[in-house]
Protein chains: 2
Amino acid sequence: MSAPRLRHRAHAQKAPTIFDVAARAGVSKSTVSNVIRGAPTVAPELRTRVQEAIDTLGYRPNGLARQLVQARSTTIGVVVGDFRNQFFSEMAVALERAASRRGYGVMLCNSEGEPDRELEGIERLLEHRVAGILMATSGAGDRAEKVLDMRCPMVFICDGVDWCDLVSVEDSAGTLLATEHLAMLGHRRLVYLSNPSIEPVTARARLEGFCTGAAGAAEVVLTGDLEAGKARIGNKSHDLGALVRRRRITGIVCVNDSTALEVLDHLEREGLAVPEDVSVVGFDDIPTAGLARISLTTVAQPVPALAEDAVRLLCGRIDGSLKGEPKVVRHQVSLVERGTTAPPKGAHYA
Amino acid sequence: MSAPRLRHRAHAQKAPTIFDVAARAGVSKSTVSNVIRGAPTVAPELRTRVQEAIDTLGYRPNGLARQLVQARSTTIGVVVGDFRNQFFSEMAVALERAASRRGYGVMLCNSEGEPDRELEGIERLLEHRVAGILMATSGAGDRAEKVLDMRCPMVFICDGVDWCDLVSVEDSAGTLLATEHLAMLGHRRLVYLSNPSIEPVTARARLEGFCTGAAGAAEVVLTGDLEAGKARIGNKSHDLGALVRRRRITGIVCVNDSTALEVLDHLEREGLAVPEDVSVVGFDDIPTAGLARISLTTVAQPVPALAEDAVRLLCGRIDGSLKGEPKVVRHQVSLVERGTTAPPKGAHYA
DNA sequence: ATGAAAGCGCTAACAG
DNA sequence: CTGTTAGCGCTTTCAT
């Protein structure tokens, strides 16, 4: 039952240093340092005396000073493309967990897709002398190369770089899976929708998977981008609904879930029913895709495994156990069949 | 058309220091330091010479060393409750933006609701001597108080602490709005569903708003928690569908969108239609709530404004321009009417 | 206007 | 086993 008003104190102006602890315990700084780092060569009696001083003073070692002298940081920088895409926030969490398991903290930069902020973020990470950098952005590879100039170990996640370690998925296998699923269901008139902000190498791979899958099975095959809510095919923009009706499209494969969700929205706002009129497949399997009302059929990426591998590679580069040519690790993907895909009703457009 | 294999280089083992730059430019470290910090008292000729050395060496000042000597950091720590709740990831982004506008970088900790990881994160932030800490968790206040012991300025966001600066919203006004909306639509049999992980003060405020709104208008008023997919009312667990049918509930107010989404899922999986059979209202207005297929009626929080104020307050504490008693800033909320609420169909259960 | 020197708080040899 | 010492890379007086 303490009086709330009395609980507030201004924050302490100056944190106690290792010297203060030493003085209070009547020992030297080194002894305190030994206690902190758990060195075995400290007399139990002293150890408890020092520990007491630490507790009463509320001492915390200054990580900055430690890292400065050790010339190594226990912080990993993570730059993420856009947090509002759930795939990236899931990835950020997974990376943080994986890093934490290996004793690293994470310093996060969110570029929101703006190259300026991205480079700014990298600069900041570099100035903080992070031990390494994890890039989970889409398409930052080339920009990052210039800035980083390999001044610090880094690994990319789901990007298309070839000059740096990379952990990614079998992109083309994924869209192939998606397209085959549609073909198997009986769809013959397909469109593939990408997104201009997707990194080119990934974009190409996913497109290829779709084309391969569509090649044998489909009569009509359109590919383009979803831009400002419209489908851009070649150099024309179409309303999604109009495009589907005019070309009698029955299946749409999207480059990712975020795009698929947008497609879903437009389709239904324009009076088309999913999956009755059109089937839609995504890529990523973000949590929203699993909601009953969304129930998006999609290609799942193993986010925790990707994160784990990325951190493992980075740690290898950091401690020098991994050296030489850039490594590429590719994970498998799997199709999650949900409610946005069904056999086409050819009769519908009669 | 460079050969990809040749582009890879191992990362440099040792970053150049201010001393290297000084040597290469034939000046002293101080001059280099002056150039870096844009001190006015440097001869133009020297300035360019130093700048050249910096560029060719790819020199970046060591932020650790700088912060150590300046005894102040340009990094703010942010600890976030659970990233997988979109409200928090939106908040994290907003905080990062707001901090960045004021020249601060952000070091992020994600506690995933686990108190241990949360405290661990705070410890790490403290060791890194962050300039201040932003807590966007739910219910970490009391735990944090012990650990922090006010060793560093901090501001809470949407928590219920009374011993520290806080920026939050008019919680009870929000649920009141939601409940009145339901009442206005004609609902008389209401339940309120909270979540055990919500911070107690916030939880109480939102509950109060609901109770106030329901007091005059409703015949049946139930309140409880959504736990493991079941509604816990008093000390009994009920399947959501069964509860709604048995007590002829027509309106559900949820403590947040994340809970509302879950409620929606269960309801519809148990054969109830929303909003035909039951209306559902959330709180937060996360992006998913706005999707056409979800279209959740909810109470919107002004996330960017909350973030901006939190950072402003924190900066005030950091630079000393703000002192004294804990400040509380409360923002208004607003109802966003969407598709999960409609007038009740009393006849339905006849 | 520029350089020399004294630390920031810590660790890591090395003496005692 | 404990204390002394020499820096880590930088900023910041203070002389020059």
Side-chain angles (χ1 to χ4, degrees), chain A residues 12-51 53-54 57-75 124 126-131 151-152, chain B residues 12-51 53-54 57-75 124 126-131 151-152:
Chain A
Q13 286 314 321
K14 207 175 166 326
T17 76
I18 198 173
F19 188 82
D20 300 324
V21 177
R24 197 172 209 297
V27 298
S28 80
K29 303 186 309 185
S30 319
T31 305
V32 179
S33 176
N34 286 336
V35 171
I36 296 166
R37 306 195 326 267
T41 66
V42 175
E45 190 259 337
L46 271 196
R47 154 159 281 135
T48 56
R49 197 141 53 92
V50 169
Q51 191 56 54
I54 288 178
L57 260 47
Y59 168 74
R60 291 291 176 287
N62 185 329
L64 269 54
R66 171 181 295 171
Q67 294 181 12
L68 181 61
V69 59
Q70 288 186 151
R72 71 195 167 76
S73 164
T74 61
T75 302
R124 229 186 37 233
L126 249 24
E127 291 196 5
H128 279 259
R129 291 298 188 269
V130 292
R151 274 196 299 269
C152 121
Chain B
Q13 285 316 321
K14 208 177 167 321
T17 76
I18 198 174
F19 188 82
D20 300 324
V21 177
R24 195 171 211 297
V27 297
S28 80
K29 303 186 312 186
S30 319
T31 305
V32 178
S33 177
N34 286 335
V35 171
I36 295 166
R37 307 193 328 267
T41 68
V42 175
E45 190 259 337
L46 272 196
R47 155 158 281 134
T48 56
R49 194 140 55 92
V50 169
Q51 191 56 54
I54 289 178
L57 262 46
Y59 168 75
R60 292 291 175 288
N62 185 328
L64 268 54
R66 171 181 295 170
Q67 293 181 12
L68 179 61
V69 59
Q70 286 184 154
R72 71 195 168 75
S73 163
T74 61
T75 302
R124 227 184 39 230
L126 249 25
E127 291 196 4
H128 278 260
R129 291 298 188 271
V130 291
R151 274 195 300 268
C152 126

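Note: hydrogens, waters and symmetry copies are ignored here, and every other heavy atom, side chains too, is used. Throughout, a chain's letter reflects where its sequence line sits, starting with A, and its residues are numbered from 1.
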| query | With sugar-phosphate meaning primed atoms plus P, OP1 and OP2, does B/Ala71 contact a base, only sugar-phosphate, or nothing at under 4.0 Å between heavy atoms? | reply | nothing

| task | Have a look at B/Arg37 and say if it touches a base, only the backbone sugar-phosphate, or nothing, with a 4.0 Å heavy-atom cut-off. | result | base

Spacing of [X] atom [atom1] relative to [N] atom [atom2], expressed in whole Å:
X: B/Gln67; N: C/dG7; atom1: CD; atom2: C1'; answer: 17 Å
X: B/Glu45; N: C/dT2; atom1: CD; atom2: C1'; answer: 13 Å
X: A/Arg66; N: C/dC8; atom1: CZ; atom2: C1'; answer: 16 Å
X: B/Glu127; N: C/dC8; atom1: CD; atom2: C1'; answer: 17 Å
X: A/Leu68; N: C/dG7; atom1: CG; atom2: P; answer: 17 Å
X: B/Asn34; N: C/dG3; atom1: CG; atom2: C1'; answer: 10 Å
X: A/Leu64; N: C/dT11; atom1: CG; atom2: C1'; answer: 15 Å

Side-chain contact, heavy-atom cut-off 4.5 Å: [X] with [Y]?
X: A/Thr75; Y: B/His128; result: yes
X: B/Ile36; Y: B/Ile18; result: yes
X: B/Val35; Y: B/Val27; result: no

| task | Using the closest heavy atom to pick a nucleotide of DNA chain C for each, name whichever of B/Ala65 or A/Val69 lands nearer the 5' end. | result | B/Ala65

| request: With sequence neighbours excluded, give me every salt bridge (Lys or Arg N to Asp or Glu O under 4.0 Å) pair touching residues 19-40 of chain A. | output: none

| message | Does anything in residues 42-51 of chain A form a salt bridge (Lys or Arg N to Asp or Glu O under 4.0 Å)? List the pairs, not counting sequence neighbours. | response | A/Glu45-A/Arg49

| remark: Applying side-chain contact (heavy atoms from CB on, under 4.5 Å) to B/Thr48 and not counting sequence neighbours gives none

| query | Which residues satisfy the side-chain contact (heavy atoms from CB on, under 4.5 Å) test with B/Ser28, sequence neighbours excluded? | reply | B/Ser30, B/Thr31

| Which heavy atom in B/Ala25 sits nearest to a heavy atom in B/Ala53, and how many Å separate them? | CB-CB, 4.0 Å

| task | Could you tell me which non-hydrogen atom of A/Thr17 sits nearest to which non-hydrogen atom of A/Tyr59, and how far apart they are? | result | C-CE1, 3.5 Å

| task | Indicate whether OP1 or OP2 belonging to C/dA12 is found under 4.0 Å from a side-chain N or O atom of A/Gln70. | result | yes

| query | In residues 20-33 of chain A, what residues come within less than 4.0 Å of DNA chain D, judged by heavy atoms? | reply | A/Val27, A/Ser28, A/Ser30, A/Thr31

| remark: 5'-most to 3'-most nt of DNA chain D touching chain B (<4.0 Å, heavy-atom partner on protein side) reads D/dG9 to D/dT12

| Using rotation axes that map the C1' atoms of four end pairs onto the next four (five pairs an end), what angle separates the end axes of the helix from C/dA1-D/dT16 to C/dG16-D/dC1, to 10°? | 40°

Output a table of nitrogen or oxygen pairs between the protein and nucleotides 14-16 of chain C separated by less than 3.5 Å.
none

Kindly list each side-chain donor-acceptor pair under 3.5 angstrom involving residues 64-71 of chain A, sequence neighbours excluded, with atom names and distances?
residue	atom	partner	partner atom	Å
A/Gln67	OE1	A/Ser73	OG	3.3

